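Heads up, the thing below is written out as structure tokens.
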Amino acid sequence: MPAFAAADVSTLAVPFTVQSLDGSGNNAANPTWGQANQPYSRVAAARYADGRSRPVSGPNSRYISNRVFNDVSQNVFSERQVTAWGWTWGQLLDHTFGLRLGRAPGDPAGETANIPFNANDPLEEFENTLGFIPFARSDPAPGTGATSARQQVNTNPSYINGFAIYGGTNARLDWLREGTVDGNPANNNARLLLQNSYLPRANARGNASTAPAMEIDGILRANPASAMVAGDVRANENLFLTATHTLMAREHNRIVGLLPASLSEEDKFQIARRVVMAEQQYITYSEWLPAMGISLPAYRGYNANINTALSNEFATVGYRVHSQIHGEMEIAADADRYTPAQLAAFQAQGIEIVQDGDEVELVVPLNRAFFNPNLVPSVGLGPVLQAIGGEPQYKNEEMIDNQLRSVLFQIPVSGNPECLDGEGLPECFDAVLDLGAIDVERGRDHGMPTYNQMRQAYGLPTRTSFTQITGESSAAFPPGTGLDNPASLNFPRLFDVFNAEVDQADEDAVEGTPVRFNRASPLAARLQGVYGNVNNVDAFVGALAEPHVPGTEFGELQRAIWTREFQRLRDGDRFFYANDPALQYIQNTYGIDYRRNLGDLIALNSDVPRAELPRNVFFAEGNVPPASCRVTYRVESQWTTGFQINMSITNTGSTPIPDAWTLRFVFPNGQQITQLWNGVVTQDGARVPVTNATWNGTLNPGQTLDGVGFNATWSGTNNRPTAFSLNTTACTVG
């Protein structure tokens with residue numbers, strides 16, 4: 001085995017080097033590369049009004065938000081049906097490799113730059129008794145901002161190294177592990193400290209004031225001692241994130257339990273940590289990034305010349321995908337899982353209870369899921385983890401849910417529990433905290449280049465018109481709309497995953513099915529009205545306004561930012577799983593393999609059986625979109641009232657299509673299937689989803705499944721469907 005220096009402990013019997021907690025020493029020749037508490041790197045030159053520190057001016061960020069980010073409470077979901085695991089796993093990663101150094105708003109030690117709030121804005125729906133949106137600038141890196149351009153500091157290591165689970169210091173890890181708290185984790189138990197199999201509370205060891213610092217906000221401010229403690233300070237931020245932290249802590253302890261008792265506690269801890277880090281990397285690169293549509297060049301091994309320091313452009317613009325977060329979390333479970341008293345307690349918090357036979361659904365407004373760690377054990381880890389993969393996340397575009405865009409972490413007014421989500425939300429709050437506005441302001445605070453300058457920095461051509469940014473045909477406001485007219489934000493047309501128009505008289509369909517939309521005014525018109533010139537557009541706003549590259553969740557700029565960053569995080573990490581001989585040693589010696597998908601981890605560490613989870617939990621129903629496909633639709637026979645069809649499905653891509661697939665099409669003339677073979681159909685009006693029969697296995701590249709056929713009725717006209725999609729991928733029609 002290679003000999004490396006700078007291990008955290010010196011008493012290990014296992015024959016591999018321990019990766020530092022703070023990322024130091026990962027690069028042997030340049031030990032501070034990727035280390036915590038180092039400045040972010042930059043791809044483009046910093047852009048400040050004075051060349052050093054003063055943020056550039058621009059349109060008021062709440063003004064932008066009301067015209068660009070405002071979704072007026074309309075749900076629009078991922079067109080590729082990526083589940084909420086997309087943003088949840090992404091947030092776990094964010095809390096692994098990035099956290100700016102800066103004070104919270106209101107802290108007198110911070111540099112305040114509050115965002116003015118205009119209560120008279122004709123598009124403003126919310127009341128804000130504070131009169132502004134709190135904002136504090138990030139702290140400058142030492143020695144910057146006076147005679148040189150201001151830089152910002154990343155307090156996390158720039159590696160995918162389990163930081164969110166284990167923390168970055170010995171003191172924090174010492175508290176997180178079972179055993180004594182004396183500053184030396186090496187004399188502790190191998191297991192992470194859990195309370196009844198959930199993350200420990202700040203008062204788990206007695207005095208909550210001696211626990212590692214955790215961010216406290218919203219509901220948790222009333223009882224900070226009940227905060228759950230993890231490696232990263234943000235673990236209580238929302239229900240799904242806290243549950244994922246719990247999952248990974250349980251996974252660590254599960255691996256410890258597989259190791260022989262003859263090993264020292266420290267050896268068992270370091271083996272389990274090494275496996276969990278590799279699992280986090282493996283899921284990221286083999287499941288999550290492909291689900292998001294990021295395709296990297298083949299791995300060619302460790303490159304010691306890459307400085308992995310997270311780029312400011314990635315942290316401040318590219319990775320801020322807050323538009324993906326839905327304003328409510330829907331959790332389904334068996335009705336007998338909760339007592340009437342528990343359901344009443346949920347309801348008292350503002351959680352909607354929907355009972356349907358032997359199943360109950362908890363609809364949790366995001367405001368109730370923020371900083372509310374008690375929900376994880378009271379709801380149960382299994383149902384929460386299953387819920388994350390239960391429905392598609394929001395589409396990654398310019399719109400941001402009002403739970404984030406207007407009332408982030410805010411406490412609702414008393415006595416009005418029915419307005420915690422949807423159109424009634426403004427009635428529940430009297431203060432505004434707008435994450436979208438803060439995202440814009442943070443870009444200016446960090447000296448981000450303009451949208452066009454950032455495109456150039458990533459090798460993309462600049463845009464010369466607003467329609468080039470958005471892909472729309474016009475930047476003109478139609479009659480009856482305008483920049484300050486609320487009617488501009490209406491949704492005259494919505495479309496579902498079948499590419500069929502949603503009936504706006506069907507409330508359930510309007511709420512639960514749109515993946516594409518037309519608004520009353522083009523986004524290009526609103527951007528032009530706000531900015532005037534394409535060269536003035538903030539990079540964050542322009543990146544979200546771009547149409548998606550087919551087969552991805554991103555426009556060109558976001559995809560370029562992600563591709564560059566995740567390739568560097570992979571290739572510049574000496575401990576990346578594909579470059580780490582310790583993992584092969586662990587498998588050979590103890591039979592423990594890191595190559596597990598996220599669904600496996602959920603089943604191994606909760607009460608959800610693996611069979612009740614899709615093979616790939618990052619897609620609704622596990623429907624992984626193929627790269628390309630072809631469908632033939634052949635009329636075998638037709639008579640006065642009926643007809644018979646034979647279809648074949650061909651995988652024309654280069655990767656296998658898993659056996660859980662859904663072929664979708666729409667009948668143009670009201671045809672009705674009466675019998676289908678070699679598949680399963682649940683026709684809904686004109687929409688026809690055909691799923692695979694149990695005996696139809698994986699479709700390998702070049703393979704054709706023939707003989708999916710049906711009998712159907714028709715009356716008057718029997719035109720062919722014009723479009724077919726397989727797991728949301730549009731197929732050619734043969």
Side-chain angles (χ1 to χ4, degrees), residues 70-84 86 323-332 352-357 359-366 387 389-403 418-425 487 489-520 548 553 619-623 625 662-673 680-691 712 721-730:
N70 193 350
D71 69 359
V72 295
S73 303
Q74 176 60 59
N75 297 341
V76 180
F77 299 96
S78 163
E79 71 269 41
R80 297 171 61 249
Q81 302 289 277
V82 175
T83 67
S323 61
Q324 295 176 338
I325 302 174
H326 189 183
E328 64 183 22
M329 298 171 168
E330 299 177 356
I331 303 167
E352 182 184 357
I353 309 298
V354 181
Q355 290 192 282
D356 183 10
E359 189 174 89
V360 64
E361 183 178 66
L362 312 178
V363 183
V364 185
L366 197 56
E391 70 171 8
Q393 66 183 10
Y394 268 4
K395 184 172 183 173
N396 177 40
E397 21 75 333
E398 73 279 1
M399 298 187 301
I400 299 176
D401 193 288
N402 264 326
Q403 295 273 1
E418 302 301 320
C419 62
L420 284 173
D421 197 21
E423 295 178 358
L425 197 64
L489 302 179
N490 292 340
F491 290 87
R493 302 184 74 190
L494 299 165
F495 302 88
D496 62 21
V497 73
F498 290 85
N499 204 31
E501 187 164 357
V502 176
D503 178 4
Q504 299 216 29
D506 185 338
E507 291 185 9
D508 289 340
V510 169
E511 181 179 347
T513 65
V515 300
R516 189 167 62 83
F517 58 89
N518 290 346
R519 298 197 86 163
H548 286 182
E553 300 292 295
F619 289 99
E621 308 299 331
N623 286 177
T662 302
L663 179 72
R664 295 181 177 91
F665 59 92
V666 176
F667 276 133
N669 305 116
Q671 299 96 325
Q672 291 291 313
I673 293 176
V680 178
V681 66
T682 52
Q683 185 174 353
D684 178 17
R687 296 164 175 82
V688 183
V690 177
T691 57
T722 58
F724 295 83
S725 64
L726 187 63
N727 293 358
T728 71
T729 296

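Worth saying up front: this structure is predicted, and the values here are computed from it rather than measured.
- The closest side-chain heavy-atom distance from Asp401 to Ile325 is not below 4.5 Å.
- In this structure, the side chains of Phe665 and Val690 come closer than 4.5 Å at one or more pairs of heavy atoms.
- Proximity of Asp71 to Tyr394: side-chain heavy atoms (C-beta onward) are separated by under 4.5 Å at one or more points.
- Screening Val497, Leu726, Asp496 for a side-chain contact (heavy atoms from CB on, under 4.5 Å) involving Arg664 leaves a single residue, Val497.
- Two residues are said to be in side-chain contact when any heavy atoms from C-beta on lie closer than 4.5 Å; Val364 and Ile331 meet this criterion.
- Separating the CG atom in Asn70 from the CG atom in Leu489 is a distance of 5.5 Å, to the nearest 0.5 Å.
- Checking each of Arg493, Arg687, Arg516 against Glu501 for a salt bridge (charged side-chain N to carboxylate O under 4.0 Å, His left out) leaves exactly one that passes, namely Arg493.
- Within the 4.5 Å cutoff, the side chain of Asn396 has heavy atoms near those of the His548 side chain.
- To the nearest 0.5 Å, the span separating CD on Glu391 from OG on Ser78 amounts to 11.5 Å.
- Not a single donor-acceptor pair under 3.5 Å links the side chain of Gln81 to the backbone N or O of Thr83.
- Of the possible donor and acceptor atoms, one in the side chain of Glu397 sits under 3.5 Å from a partner among the backbone N and O of Met399.
- A distance-only check finds no donor-acceptor pair linking the side chain of Asn669 to the backbone of Gln671 [under 3.5 Å].
- Looking at Gln504, its side chain does come within 3.5 Å of a backbone N or O of Pro492 through a donor-acceptor pair.
- Checked by atom type and distance alone, the side chain of Gln74 never pairs as donor or acceptor with a backbone atom of Val72 at under 3.5 Å.
- Between Leu362 and Ile353, some side-chain heavy-atom pair lies under the 4.5 Å cut-off.
- Put simply, the side chain of Asn499 does not reach to within 4.5 Å of the side chain of Val666, judged on heavy atoms.
- Panel note: side chain Gln403, backbone Leu420; a donor-acceptor pair is recorded below 3.5 Å.
- Counting heavy atoms from C-beta outward, Phe77 and Lys395 have side chains that stay 4.5 Å or more apart.
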Quiz prompt | Phe498 and Thr513: CA distance, side-chain angles, deciding distance, side-chain contact (heavy atoms from CB on, under 4.5 Å) verdict | solution = CA-CA 10 Å; Phe498 290 85; Thr513 65; over 6 Å; no
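- Under the 6.0 Å cut-off for aromatic ring centres, Phe517 and Phe495 do not qualify, their centroids lying 6.0 Å or more apart.
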